[in-house]
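These notes concern the structure reproduced below.
In this chain, residues are counted from 1 in sequence order.
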Amino acid sequence: MKNRSFLARLGFAWSGVASAWRSERSFRTQVILTALLLPFMLWLQPELFWWAIVGVMVGLVLAAELFNTALEHLIDHLHPEIHPTIKIAKDCAAAAVLILSIVALIVAGLMVWSELG
């Protein structure tokens, strides 16, 4: 797969997003919440700084969920039986998504407080 064209690599990436959409309820929920965020941002009309920060947080949460999904699929393929160490790896990946999601909510709260307060 090395040295493929940009369009081919873009296709691989899009395939990953589509696979996560089909197989992960959490990813679908996060994408839907992101879509609902746009009209809210347009209504609130925050400063450009907040658009950038919110955009970065959305990207981080979605990317973390994709990493979590990739790790879970790889682990399940290589080691399908339940093992305490495998559970720790999967739980830590899920915790990373949770922590980023909580931070994203805090950032959103600070934005609303800043813009409406």
Side-chain angles (χ1 to χ4, degrees):
M1 290 217 197
K2 293 283 184 188
N3 298 320
R4 297 283 178 109
S5 71
F6 174 75
L7 287 178
R9 291 177 291 156
L10 191 60
F12 298 144
W14 183 250
S15 178
V17 170
S19 292
W21 176 265
R22 284 190 304 273
S23 68
E24 297 295 324
R25 183 185 321 173
S26 294
F27 185 73
R28 288 191 301 272
T29 300
Q30 291 158 347
V31 170
I32 290 167
L33 289 173
T34 297
L36 295 173
L37 181 62
L38 183 59
F40 177 73
M41 295 285 287
L42 291 171
W43 171 78
L44 189 60
Q45 296 181 344
E47 294 181 32
L48 188 57
F49 168 80
W50 285 113
W51 281 93
I53 296 298
V54 168
V56 167
M57 292 310 303
V58 164
L60 286 172
V61 170
L62 293 177
E65 185 62 46
L66 289 168
F67 279 123
N68 181 43
T69 298
L71 183 64
E72 284 183 352
H73 281 276
L74 180 62
I75 289 172
D76 289 345
H77 177 75
L78 295 176
H79 205 294
E81 56 277 352
I82 297 173
H83 186 279
T85 305
I86 297 294
K87 181 181 181 332
I88 291 170
K90 292 172 84 172
D91 289 351
C92 286
V97 177
L98 176 64
I99 289 170
L100 272 171
S101 297
I102 290 169
V103 172
L105 288 172
I106 291 169
V107 167
L110 290 171
M111 177 192 65
V112 170
W113 185 48
S114 170
E115 294 298 313
L116 297 179

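Under the 4.5 Å side-chain heavy-atom criterion for ILVMFWY residues, no single connected hydrophobic cluster contains both Ile86 and Leu74. Side-chain heavy atoms closer than 4.5 Å link hydrophobic residues (I, L, V, M, F, W, Y) into clusters, and following such links, possibly through other members, connects Trp21 to Trp14. No chain of hydrophobic side-chain contacts below 4.5 Å, direct or via other Ile, Leu, Val, Met, Phe, Trp or Tyr residues, connects Val17 to Phe6. In the hydrophobic clustering of this structure, Leu100 groups with Val31; members are Ile, Leu, Val, Met, Phe, Trp, Tyr whose side-chain heavy atoms approach within less than 4.5 Å, directly or through other members. A single hydrophobic cluster is seen to contain both Val54 and Leu42, as judged by linkage of ILVMFWY side chains at heavy-atom distances under 4.5 Å, directly or through other members.
Here Ile82 pairs with nothing under the side chain to side chain contact (heavy atoms under 4.5 Å, CB included) rule; sequence neighbours left out. For His73, the side-chain hydrogen bond (donor to acceptor under 3.5 Å, both in side chains) criterion is met by no residue, not counting sequence neighbours.
Asp76 contributes atom CG, which lies 10.5 Å from atom CD of Glu81 (distance to the nearest 0.5 angstrom). Summarising the geometry, atom OG belonging to Ser5 is positioned 9.0 Å from atom CG belonging to Leu10; distances are rounded to the nearest 0.5 Å. Of the inter-residue distances, the one linking Met57 atom CE with Leu105 atom CG reads 9.0 Å to the nearest 0.5 angstrom. Between the SG atom of Cys92 and the CG atom of Leu98 there is a distance of 12.0 Å, given to the nearest 0.5 Å. Expressed to the nearest 0.5 Å, how far CG of Leu33 lies from CZ of Arg28 amounts to 13.0 Å. Taking CD1 of Ile99 as the reference point, atom CG of Leu60 lies at 13.0 Å (rounded to 0.5 Å).
A heavy-atom distance below 4.5 Å is found between the side chains of Glu24 and Glu72. You'll find the side chain of Lys90 stays beyond 4.5 Å of the side chain of Asn68, heavy atoms only.
Looking at every heavy atom in both residues, Leu71 comes nearest to Ala89 through CD2-O, 4.0 Å.
Remark: side-chain polar atoms of Ser15 are not paired, donor with acceptor, to backbone N or O of Gly11 under 3.5 angstrom. Side chain of Thr69 to backbone of Glu65: a donor-acceptor contact under 3.5 angstrom is found. A donor-acceptor pair under 3.5 Å is absent between the side-chain atoms of Arg4 and the main chain of Arg9, judged by distance alone.
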Worked verdict on Glu115 versus Glu47 for side-chain contact (heavy atoms from CB on, under 4.5 Å): CA-CA 8 Å; Glu115 294 298 313; Glu47 294 181 32; 4.0 Å; yes
Leu44 and Met111: CA distance, side-chain angles, deciding distance, side-chain contact (heavy atoms from CB on, under 4.5 Å) verdict: CA-CA 10 Å; Leu44 189 60; Met111 177 192 65; 3.7 Å; yes
Go through the steps for Val97 and Gln30 under the test side-chain contact (heavy atoms from CB on, under 4.5 Å), then give the verdict. CA-CA 11 Å; Val97 177; Gln30 291 158 347; 3.6 Å; yes
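Applying the ring-ring contact (aromatic ring centres under 6.0 Å, His included) test to every pair with at least one member in residues 22-70, sequence neighbours left out, gives these pairs: Phe40-Trp43.
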